[in-house]
Amino acid sequence: MSSHPLLVFALALAVAFAAGGRLLVEEQALRRETGSVLKHLLGESRRAFALHVFLKADAYFHQGFYPSVFDAPVAPEAKTHLVEATEDNHDHQHNHGHAHNQHRDWLEAFGCHFQPAEHRHLEGLGQAREILPWLRLAAELDPQRVETYTVTAYWLRERLNQVKEAESFLREGLRANPDSYEILFELGRLYAENDRDVPRARIVLELAIEKWLRQEASKVSPDHVSYRQTLGQLAALEERAGNLERALAHYIRIYQVSPNPATVQKRIEELRAKLAAPQKPPP
Amino acid sequence: MNTIWSLAKVVVLEMVRRKDFYVLFILTVLLTGTAGSVNLFNDRSIVRYLKEICLLLIWLSSLVMAITCTARQIPMEREQRTIFPLLAKPVTRGQFLLGKFLGCWLAVGMALAVFYFFFGLVSASREQQWPVLNYLQAAWLHWVMLGVVVAFTLLGSIVFAAPSSNGTICFVVSAGILLLGRHLNKVALGLPQPWQSLLYGSYFVIPHLELFDVRELIIHNWELIPWGMVGLATLYAAAYAAAFLLAAIWVFRRRPLN
């Protein structure tokens with residue numbers, strides 16, 4: 001084969017692309033500063049792509065069955081199902097604002113045979129791992145997007161049983177967002193529920209509360225959900241550890257911000273009753 | 001038919017000799033390999049992102065090959081003045097164009113076969129399964145879609161003066177249809193009259209290349225498309241390719257060769 005200048009140039013380009021990609025990987029491994037390469041390449045514009053990539057993960061969660069911007073515009077503050085799944089009492093009977101069985105014309109009806117047309121989730125054994133590359137990329141693009149770390153950690157920890165990876169990712173998030181009470185809460189939950197490391201979980205959760213008070217308490221509409229979740233985790237932790245007085249103190253704080261104070265009151269009364277009950281002498 | 005076939009063989013041989021395919025294939029392999037080497041939470045079984053990247057590269061490469069190779073066919077024959085002795089023989093202008101179309105379409109089909117085989121290997125290396133029928137459907141639909149692209153690029157190479165302008169226009173049109181084609185009706189519904197009717201009308205007129213893009217089904221391991229639907233899609237593409245070819249023949253007959 002005679003050497004063609006265009007071929008040589010294209011091959012050089014291909015090698016450069018591959019080498020660049022490899023260097024990117026190596027650089028990530030060496031440098032601990034998150035998002036540094038993409039920051040240099042894309043500047044601040046990378047943040048604009050981060051939400052798109054995060055939504056891509058949500059689209060993967062739904063196996064490609066996902067509305068386009070023409071179907072249902074997604075507001076940046078709108079919760080994706082990936083996020084909803086991390087919350088308790090998540091209702092899976094949702095739709096995407098578009099019904100694929102209602103077609104506007106024959107062409108649309110014909111076209112639905114060539115794209116995913118049924119609401120499904122990634123639910124098989126470990127299938128949720130397929131969303132991880134996009135979450136990883138979203139974190140690279142916008143390291144200040146706290147939700148990416150908490151959601152990824154939830155999926156790694158709860159659905160994929162990759163606790164070490166979840167912890168490492170949360171620590172990466174914490175380096176990029178040292179004041180994030182959400183990441184600290186997720187880290188504390190990991191120590192409490194997965195590692196059963198009570199002292200460590202207590203320190204992290206108390207730090208989360210401290211950060212929340214510093215950032216949110218003075219706001220007109222503070223993030224009470226995170227506050228309640230963190231206090232609830234801390235209270236449950238103390239209760240399991242036998243520190244009923246500490247648990248009671250946390251429940252009293254939850255009572256002050258709870259949308260359902262009656263339930264919390266009941267829990268408080270139960271704990272008071274336990275505390276009042278005479279201690280059984282050791283056998 | 002023999003004349004058309006002979007012309008097509010020349011085009012295929014020329015495309016085999018050219019380096020376009022090899023370069024694009026090497027690029028696809030290198031970029032897919034690089035994407036596959038990224039360590040994602042120490043999990044080596046994540047595959048769908050890799051399938052998506054590989055299929056995207058295959059689609060881009062196939063469009064580049066189909067458009068650039070087709071766009072230069074007639075201008076090259078004119079430039080090298082080989083078109084005059086060719087048409088002096090008992091070869092009609094219609095046969096000449098059909099031969100060029102068939103050659104380009106077969107050449108990109110051969111390239112697609114290699115690309116999809118590579119895709120199958122990438123996918124099987126991590127998924128431990130090989131849904132051959134699904135891949136065949138995807139490759140077939142991809143190929144018939146490229147038939148439409150080749151036909152309208154051929155028409156463009158007669159209408160537009162330079163292969164570069166034709167190539168650019170064909171790229172923009174193909175990319176536009178692939179990205180926005182299926183949403184034109186939704187956009188039209190939000191417009192006032194007469195723009196609504198105009199846009200909705202154009203929605204029905206344009207060839208919906210995006211119908212043939214079944215990457216999402218392949219990436220997420222969906223079931224096979226009903227074969228009847230594949231057949232209808234093939235007829236749909238054949239109708240558009242025939243319309244573009246007839247238009248190309250009609251224009252070519254009325255144009256002076258030089």
Side-chain angles (χ1 to χ4, degrees), chain A residues 1 4 6-11 13-15 17-22 24-25 28-29 56 59-60 62-66 68-71 98 103-108 110-111 113-118 120 122 126-127 129-137 152 156 160 162 164-166 168-169, chain B residues 17-20 22-24 26-31 33-35 37-43 45-50 52-53 137 141 180-190 200 203-204 208 210-223 225-226 228-230 232-233 236:
Chain A
M1 207 179 346
H4 191 282
L6 187 68
L7 175 68
V8 175
F9 175 71
L11 272 175
L13 198 67
V15 173
F17 260 119
R22 193 63 244 173
L24 195 140
V25 175
Q28 278 169 0
K56 183 86 182 162
Y60 263 49
H62 291 91
Q63 308 213 33
F65 180 81
Y66 210 67
S68 69
V69 284
F70 299 98
D71 294 306
H98 68 146
H103 306 294
R104 294 170 189 85
D105 47 67
W106 65 269
L107 207 51
E108 205 174 87
F110 180 52
H113 291 100
F114 303 94
Q115 55 179 311
E118 194 185 300
R120 290 182 192 173
L122 281 174
Q127 273 204 39
R129 67 165 68 90
E130 299 293 347
I131 65 174
L132 296 177
W134 302 107
L135 294 173
R136 171 91 246 178
L137 182 60
T152 310
L156 281 168
L160 297 165
Q162 289 181 251
K164 272 200 162 45
E165 283 76 13
S168 161
F169 196 58
Chain B
R17 276 198 295 267
R18 289 188 74 93
K19 314 296 184 294
D20 306 34
Y22 308 107
V23 169
L24 289 167
I26 291 167
L27 259 175
T28 302
V29 172
L30 282 175
L31 292 177
T34 307
S37 70
V38 175
N39 177 18
L40 293 159
F41 302 105
N42 301 318
D43 195 335
S45 56
I46 301 174
V47 68
R48 293 189 187 186
Y49 83 100
L50 202 58
E52 174 146 6
I53 290 169
Q137 277 190 341
L141 289 169
L180 302 170
R182 71 163 51 108
H183 306 297
L184 279 185
N185 58 343
K186 296 164 207 161
V187 177
L189 288 174
Y200 222 118
Y203 166 77
F204 283 113
H208 282 269
E210 81 283 354
L211 284 180
F212 305 88
D213 179 2
V214 294
R215 282 178 295 161
E216 288 289 333
L217 298 180
I218 296 293
I219 292 165
H220 298 288
N221 299 330
W222 284 76
E223 298 84 9
I225 304 163
M229 290 299 152
V230 175
L232 280 176
Y236 177 86

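Letters A, B, ... mirror the listed sequences (proteins, then strands); counts begin at 1. These values consider heavy atoms only, across backbone and side chains, with no hydrogens, waters or symmetry-generated copies.
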Inset, instruction - Could you tell me whether the side chain of A/Phe70 reaches within less than 4.5 Å of the side chain of B/Arg182, counting heavy atoms only? - result: no

Legend entry - Option in B/Arg215, B/Gln137, B/Glu52 with maximal non-hydrogen atom pairs under 4.5 Å from chain A: B/Glu52

Legend entry - Region of A/Lys164 in contact with chain B, defined by heavy-atom distances below 4.5 Å: neither

Inset, instruction - Heavy-atom distances under 4.5 Å only: say whether B/Val214 touches chain A with side chain, backbone, both or neither. - result: both

Inset, instruction - Heavy atoms only, distances under 4.5 angstrom: which of B/Arg17, B/His183, B/Glu210, B/His208 has the most pairs with chain A? Name it, please. - result: B/His183

Legend entry - Value rounded to 0.5 Å, distance of CZ in A/Phe114 from CE in B/Met229: 7.0 Å

Inset, instruction - For chain B, find which of A/Gly20, A/Gly111, A/Gly64 contributes the most heavy-atom pairs closer than 4.5 angstrom. - result: A/Gly64

Inset, instruction - Taking the side chain as every heavy atom from C-beta outward, state whether A/Asp105 and B/Phe204 have any pair of such atoms under 4.5 Å apart. - result: yes

Inset, instruction - Please flag which part of B/Val47 lies under 4.5 Å from any non-hydrogen atom of chain A: side chain, backbone, both or neither. - result: both

Legend entry - Which portion of B/Ala35 sits near chain A, non-hydrogen atoms under 4.5 angstrom: neither

Inset, instruction - Flag the pair A/Arg129 and A/Glu165 as a salt bridge only when some basic side-chain nitrogen lies within less than 4.0 angstrom of an acidic carboxylate oxygen. - result: no

Legend entry - Contacting region of B/Leu40 [heavy-atom separation from chain A under 4.5 Å]: side chain

Legend entry - Distance-minimising heavy-atom pair for B/Arg18 and B/Tyr22: O-CE1, 3.2 Å

Inset, instruction - Please look at A/Thr152 and chain B and tell me whether the side chain, the backbone, both or neither of the residue comes under 4.5 angstrom of a heavy atom of that chain. - result: side chain

Inset, instruction - Identify which part of B/Asn221 has an atom lying under 4.5 Å from any heavy atom of chain A, answering side chain, backbone, both or neither. - result: neither

Legend entry - chain A contact via B/Leu141 - side chain, backbone, both or neither, heavy atoms under 4.5 Å: side chain

Legend entry - Which portion of A/Leu156 sits near chain B, non-hydrogen atoms under 4.5 angstrom: side chain

Legend entry - Under 4.5 Å from any heavy atom of chain A - which part of B/Leu31: side chain

Legend entry - Test: A/Arg136 cationic atom under 6.0 Å from B/Phe41 six-membered ring centre, within 45° of axis: yes

Inset, instruction - Mind ranking B/Ile219, B/Leu217, B/Leu232 by heavy-atom pairs under 4.5 Å with chain A and telling me who comes out on top? - result: B/Leu217

Inset, instruction - Return the option, out of B/Phe212, B/Tyr200, B/Tyr203, with the maximum number of heavy-atom pairs under 4.5 Å with chain A. - result: B/Tyr203

Legend entry - Within 45° cone of A/Trp134 ring axis and under 6.0 Å: B/Arg48 NZ or CZ: no

Inset, instruction - State the CD-OG distance between A/Glu130 and B/Ser45, to the nearest 0.5 angstrom. - result: 7.5 Å

Legend entry - chain B interface, residue from A/Ala19, A/Ala166, A/Pro133, A/Ala59 that has the most non-hydrogen pairs under 4.5 Å: A/Pro133

Inset, instruction - Pick one of side chain, backbone, both or neither for A/Gln63, based on which atoms fall under 4.5 Å of a heavy atom in chain B. - result: both

Legend entry - Toward chain B, the part of A/Tyr60 with a non-hydrogen atom under 4.5 Å: both

